[in-house]
Amino acid sequence: MPTDDLADFVRRLPKAELHLHIEGTLEPELMFALARRNGVTIPFASVEAVRAAYDFSRLQDFLDIYYAGAAVLLTRADFHDLALAYFRRLAADGGVHAEIFFDPQTHTHRGVPMAEVMEGLLSAMDAAQAELGVTSRLILCFLRHLDEADAFATLEAARPWLSRLTGVGLDSSELGHPPAKFARVLAAARDLGLKVMVHAGEEGPPAYVWEAVDLIGVDRIDHGNRALEDPALVQRLVADGTTLTVCPLSNLKLCVVPDLASHPLKRMLALGLAATVNSDDPAYFGGYLLENYVRTAEALGLTRGELVQLARNSFAGSFLPEDEKARWLKKVEAVG
Ligand code: HPA
Ligand code: ZN
């Protein structure tokens, strides 16, 4: 399919984004504007210098710069502007629903009150629904390089907003920080009625994905690439229908794959895994949702049928109520 036709087709397909860190949508232009607005100094001379620094060979390279960039986010207006800019891009890509991660510890550890983060994000989510018709859910991520006590304190600090949280996740440096380290706090979150997911198998071994499934009992796996190294694990994920929130351009930028042509997405679908396509940290990885679909489809020769399956999986794996899922799935079939 020529690229224009492909992009057109994917744009018309209704899609949900299930793996998106809102701090990872901070474009260099907005970083500079917020630095000016807040009187914060950043270690870059220009927007071009920021972009030039986005050259990563592993997850930690990215995380170091991602946490540094977040220093410009101070007030609820900053979080609102950040999130609304993302929702506008999503809508332009034909995205209709997003389940967004945020990393409160990145902010509360700098002295930003939880209320500033929560109220800014929630007001942008409300505005996205009113102005763009884009629905969303909010997922609080614990930073796994910190300890479990800090995660418990974060869960407690978020309690006033519990009714507006859909789930909790686990992100940041994977290697050396297995899901088991957070088993108690993730169980406590589930007891509060929250969905539970963890990043696993991005850099970490299949054993971390097994832990996520067997010990934590996750509702979704974020990434999951390395599960393919273990046929018994693949069989288990297929049998459970576990959604994998895969992020092709992230995988490319963080050297999880050497090139997009080697990306396992097509293989995942062929194996019967409930894989989805997502953008992870699009301001850092060079493409939002549509570009993730299009570039991966070109590199792997994905068929229209496979693209439709990915869109279907995005709603089936979402935390939307069943009637809304069914409504979107019908619309996907109408385009496909
Ligand atoms: N992996 C782990 N932590 C993250 C990521 C990721 O891809 N993006 C933001 N935090
Ligand atoms: Zn992620």
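Atoms within each ligand, like the ligands themselves, are counted from 1 in listed order.
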Applying side chain to side chain contact (heavy atoms under 4.5 Å, CB included), can you list everything that pairs with Asp81, at least two apart in sequence or on another chain? Arg37
Quick one: does any side-chain atom of Asn278 pair with a main-chain N or O of Val246 as donor and acceptor, under 3.5 Å? yes
Just to be sure I understand the site: which N, O or S atoms from the protein are less than 2.8 Å away from the Zn ion (ligand 2)? His19 NE2, His21 NE2, His199 NE2, Asp280 OD1
Within the supplied structure, the quantity of interest is the number of heavy atoms (other residues, nucleotides, ligands) at a distance under 6.0 Å from Arg327 CZ; does it exceed 12? yes
Can you tell me how far CG of Asn292 sits from CG of Leu249, rounded to the nearest 0.5 angstrom? 4.0 Å
Excluding Phe319, membership of its hydrophobic cluster (Ile, Leu, Val, Met, Phe, Trp, Tyr; side-chain heavy atoms within less than 4.5 Å) reads Phe101, Ile139, Met197
Counting only N and O atoms by type, is there a donor-acceptor contact under 3.5 Å from the side chain of Tyr208 to the main-chain atoms of Leu175? no
In terms of the angle between their ring planes, are His107 and Phe79 parallel, tilted or perpendicular, with boundaries placed at 30° and 60°? perpendicular
Does the Lys NZ or Arg CZ of Arg304 fall within the cation-pi geometry relative to Phe9 - under 6.0 Å from the ring centre and within 45° of the axis? yes
Taking only heavy atoms of the protein into account, state which residues are under 4.0 angstrom from an atom of ligand 1, in chain and number order. His21, Leu59, Phe62, Leu63, Tyr66, Asp171, Ser172, His199, Glu202, His223, Asp280, Asp281
Parallel, tilted or perpendicular: which fits the ring planes of Tyr54 and Tyr284, with parallel below 30° and perpendicular above 60°? tilted
